[in-house]
Novice: 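Have a look at the structure that comes next, please.
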Amino acid sequence: VSNAARAGARVAIVNQDSAEIRARAKEMGVSLGLADGDIALDGCGGSVELGCSYEVRVRYVFTPALPFIDLVFPNEVSSTAVMTVEHVNP
């Protein structure tokens, strides 16, 4: 999950196309079966500028092997990667 978020953020800092960002995150989390809805993007608060912070959050909900584990531990894992935009893609 962490690697998927970081990979998406690395794309986002040079290319702000949301489809490409999500595709890269899904590619890095291929074994998780991530969907577009599992990947949240915050492109600098809606206004992408050079030097702003771009945030990519990946969320994964899993089914524990033992049914009672989810009573003690959450069955959701998430990771957020924040990186500074280095190139604004027109």
Side-chain angles (χ1 to χ4, degrees):
V1 174
S2 180
N3 285 340
R6 279 194 307 263
R10 281 193 290 271
V11 170
I13 64 173
V14 293
N15 181 359
Q16 294 78 42
D17 180 20
S18 61
E20 289 190 34
I21 297 167
R22 284 189 170 93
R24 182 63 177 154
K26 288 192 284 189
E27 182 181 318
M28 291 304 293
V30 69
S31 64
L32 304 174
L34 297 172
D36 283 347
D38 298 325
I39 304 162
L41 308 176
D42 182 7
C44 305
S47 175
V48 178
E49 299 173 355
L50 190 64
C52 69
S53 296
Y54 203 105
E55 180 178 300
V56 177
R57 186 176 64 245
V58 176
R59 178 180 71 94
Y60 174 67
V61 178
F62 65 93
T63 304
L66 302 172
F68 60 87
I69 294 295
D70 62 345
L71 299 174
V72 181
F73 300 103
N75 65 340
E76 180 177 307
V77 178
S78 66
S79 181
T80 302
V82 180
M83 295 187 183
T84 304
V85 171
E86 297 176 358
H87 173 73
V88 177
N89 189 15

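Hydrogens, waters and symmetry mates play no part in the numbers below; they use all other heavy atoms, side chains included. Predicted model only: the values in this text are computed from it and were never measured.
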Novice: I need the minimum non-hydrogen distance between Val58 and Leu34, along with the two atoms involved.
Specialist: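 Closest heavy-atom pair between Val58 and Leu34: CG1-CD1, 3.8 Å.
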
Novice: Applying a strict under-4.5 Å side-chain criterion to I, L, V, M, F, W and Y, I'd like to know whether Leu50 and Val11 cluster together.
Specialist: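 Yes, Leu50 and Val11 fall within the same hydrophobic cluster.
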
Novice: Measuring from Arg22:CZ to Asp38:CG, what's the distance to the nearest 0.5 Å?
Specialist: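 Spacing of CZ (Arg22) from CG (Asp38) equals 10.0 Å.
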
Novice: Verify side chain to side chain contact (heavy atoms under 4.5 Å, CB included) between Tyr54 and Leu41, making sure each step is shown before the conclusion.
Specialist: CA-CA 8 Å; Tyr54 203 105; Leu41 308 176; 4.0 Å; yes

Novice: How many angstroms lie between CG in Asn3 and CD in Glu27, if you round to the nearest 0.5 Å?
Specialist: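 So the gap between those two atoms works out to 12.5 Å.
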
Novice: Treat each ILVMFWY residue as a node, draw an edge where side-chain heavy atoms are under 4.5 Å apart, and state whether Val56 and Val88 are in one component.
Specialist: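 As far as the 4.5 Å side-chain criterion goes, Val88 and Val56 are connected within one cluster.
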
Novice: Report whether Leu32 and Val30 are members of the same hydrophobic cluster (ILVMFWY, side-chain heavy atoms less than 4.5 Å apart, transitive linking).
Specialist: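 No, it is not one cluster - the side chains of Leu32 and Val30 are not joined through contacts under 4.5 Å.
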
Novice: Quick check for you: to the nearest 0.5 Å, what is the distance between Ile13 atom CD1 and Met83 atom CE?
Specialist: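 Those atoms lie 6.0 Å apart.
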
Novice: If you compare all heavy atoms of Gly43 against all heavy atoms of Val48, which two are closest, and at what distance to 0.1 Å?
Specialist: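 Answer, listing the atom of Gly43 first, then Val48: O-CG2, 3.7 Å.
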
Novice: Is a side-chain donor or acceptor of Gln16 paired with a backbone partner of His87 at a separation under 3.5 angstrom?
Specialist: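 At least one qualifying donor-acceptor pair exists.
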
Novice: Please report the interatomic distance CZ(Arg6) to CE(Met28), rounded to the nearest 0.5 Å.
Specialist: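 Going from the CZ atom of Arg6 to the CE atom of Met28 covers 8.5 Å.
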
Novice: So how far is it from Lys26 NZ to Ile21 CD1, rounded to the nearest 0.5 Å?
Specialist: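 Spacing of NZ (Lys26) from CD1 (Ile21) equals 12.5 Å.
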
Novice: Return the minimal non-hydrogen interatomic distance between Ala5 and Ala81, and the atom names on each side.
Specialist: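 The answer is O-CB, 3.5 Å.
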
Novice: For Ile39 and Ala25, which heavy atoms make the closest approach, and how far apart are they?
Specialist: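 So the two residues come closest at CD1-CB, 3.8 Å.
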
